[in-house]
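The chains referred to below are lettered A, B, ... by the order of the sequence lines, with proteins before strands, and numbering in each begins at 1.
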2 protein chains.
Amino acid sequence: MARKTGSHSEITGPKIRAEAQRLFARHGFAAVSMRQIAAAVGVQAGALYLYTSDKEALLFDLLKTHMDELIAAWRAEAPAGAEPLAALEAFVRFHIRFNLERAEVVFLSYMELRNLSEENFAVIEGLRKTYETELEQILMAGQAAGVFLIPDTKLATMAIIAMLTGVNTWYREGGRLSRATVADIYWDMVRKAVGA
Amino acid sequence: MARKTGSHSEITGPKIRAEAQRLFARHGFAAVSMRQIAAAVGVQAGALYLYTSDKEALLFDLLKTHMDELIAAWRAEAPAGAEPLAALEAFVRFHIRFNLERAEVVFLSYMELRNLSEENFAVIEGLRKTYETELEQILMAGQAAGVFLIPDTKLATMAIIAMLTGVNTWYREGGRLSRATVADIYWDMVRKAVGA
DNA sequence: TTTGATAATGAACGCCCGTTCAGTTAGCGT
DNA sequence: ACGCTAACTGAACGGGCGTTCATTATCAAA
């Protein structure tokens, strides 16, 4: 017993995060025990504490990494200096694609925020606000340019994000529509909703 | 000790449901113990079992009651034989108002479904589907009448409901906008989204 | 081949969990 | 005033929880 043959932190570390993400998404943070995560990884519970300070830090790490990657991915592919209409279309398609690709952690980031400490919650909320602002700025630019007709850009931001994120609740691989078709249809509805 | 002065099941029963709803919504089903609920009510944990068979039944009862009341309330106030446009407007305003009035249990019904047994989950899912169908039929009628221009009524149904329910995540009493104003703005966006 | 760092064990800590039940008190019709 | 029933207590059940730590086996550099 003790150290196992072929054991390395570069393997065990990611494995712990992956299994924690999977289990948290499936059963909920509070309903999953450290012993369950350890069993899924193939170690004893005590070994997890070589990789995380406590259970909440494990959740926070998953959410923080996700939000950072979400914002970075959008900024990397957002069309620089594009017309508001093209920028909005890019955002809609990006949001649907990215969130469907990472359904587990997206689910977590909507469901398990209340299990974070006050400070950690504030960090994630801040990153979410940052992401939302990216959309709101597109809407404001379009409104200013007369391309969009929006009664309230703040509400439109929340409405569009809720609508797009909602795809994750019903979309199933191999269903009636492909991801691309879903994105087409949602883009049509969003475009009309902002009066363009 | 034992029975308390002035104790009645017609008082304790609702009190248990109210406190359970409040605590489940605030901390999550799995994170709330029967002892916490009992303490909030002012009884010992064992007394809860005079009112519920187990913890899950307590949650199911809250969700089932809510869904029944949601559907009944909509059917009671849905304009009979109205034009699709008027029916859709009524639905939008109803959904926002009803969900804001019952924010706690609405939150529960979106977050805690996975804590139900398979059979209980199916019951709630069925009721949700029933409610969604009410909206979809309005959309189909409007589409058939040429009043709406919707690429896919199923997706439009999910999109609209996600968008409307999203109000609950950001709306705070005493904020910038009144409930009525929020409903006005959302109705404007929904109307445009369906091409009317 | 030795040796220090790394990765993991497994037992233990105190604590809380959902649920049951024999016993006790209050309400209330007679 | 009595007696039955409804309401609740408090202790107990077996079990799981997050976390710590002394110990041990493996890895990798010298």
Whole-Å distance between [N] [atom2] and [X] [atom1]?
{"X": "A:Lys4", "N": "D:dC27", "atom1": "NZ", "atom2": "P", "value": "13 Å"}
{"X": "B:Arg35", "N": "D:dT9", "atom1": "CZ", "atom2": "P", "value": "13 Å"}
{"X": "B:Leu50", "N": "C:dT19", "atom1": "CG", "atom2": "P", "value": "14 Å"}
{"X": "A:Ile11", "N": "C:dT6", "atom1": "CD1", "atom2": "C1'", "value": "13 Å"}
{"X": "A:Leu48", "N": "C:dG10", "atom1": "CG", "atom2": "P", "value": "14 Å"}
{"X": "B:His8", "N": "D:dT5", "atom1": "NE2", "atom2": "P", "value": "17 Å"}
{"X": "A:Tyr49", "N": "C:dC13", "atom1": "OH", "atom2": "P", "value": "18 Å"}
{"X": "A:Leu58", "N": "D:dT19", "atom1": "CG", "atom2": "C1'", "value": "14 Å"}

Which is true for [X] with a 4.0 Å heavy-atom rule: it touches a base, it touches only sugar-phosphate, or it touches nothing?
{"X": "A:Val41", "value": "nothing"}
{"X": "A:Gln36", "value": "sugar-phosphate"}
{"X": "A:Glu56", "value": "nothing"}

Do NZ/NE/NH1/NH2 and the carboxylate oxygens of A:Lys55 and A:Glu112 come within less than 4.0 Å?
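Salt bridge between A:Lys55 and A:Glu112, a charged N being under 4.0 Å from a carboxylate O: no.
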B:Ala45 vs A:Asp54, nearer the 5' end of DNA chain D by closest nucleotide
B:Ala45
Check if the side chain of A:Arg3 and the base of D:dT26 share a donor-acceptor pair of N or O atoms closer than 3.5 Å.
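Indeed, a donor on one side and an acceptor on the other fall under 3.5 Å apart.
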Which residue lies toward the 5' end of DNA chain C, B:Ser7 or B:Gly46, if each is placed at its nearest nucleotide?
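Here B:Gly46 is the residue nearer the 5' end.
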Take B:Val167 and B:Asn99 through the side chain to side chain contact (heavy atoms under 4.5 Å, CB included) test and state the conclusion after the steps.
CA-CA 9 Å; B:Val167 171; B:Asn99 279 17; over 6 Å; no
Look at the aromatic rings of B:Trp170 and B:Tyr186 and report parallel, tilted or perpendicular, splitting at 30° and 60°.
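Plane angle under 30°, so parallel.
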Listed by chain and number, what are the side-chain contact (heavy atoms from CB on, under 4.5 Å) partners of B:Phe60, not counting sequence neighbours?
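B:Phe60 satisfies side-chain contact (heavy atoms from CB on, under 4.5 Å) with B:Lys64, B:Leu116, B:Asn120, B:Val123, B:Ile124 only.
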Side chain to side chain donor-acceptor pair (under 3.5 Å) filter on A:Thr169, not counting sequence neighbours, yields none
Is any side-chain nitrogen or oxygen of [X] closer than 4.0 Å to OP1 or OP2 of [N]?
{"X": "A:Thr12", "N": "C:dA8", "answer": "yes"}
{"X": "B:Ser9", "N": "D:dA6", "answer": "no"}
{"X": "A:Ser33", "N": "D:dC17", "answer": "yes"}

Between C:dA8, D:dT19, C:dT19, spot the one nearest the side chain of A:Val43, thanks.
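My answer, after comparing the listed nucleotides, is C:dA8.
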From C-beta outward on A:Thr5, which listed nucleotide comes closest to its side chain: C:dT9, D:dC8, D:dC27?
D:dC27
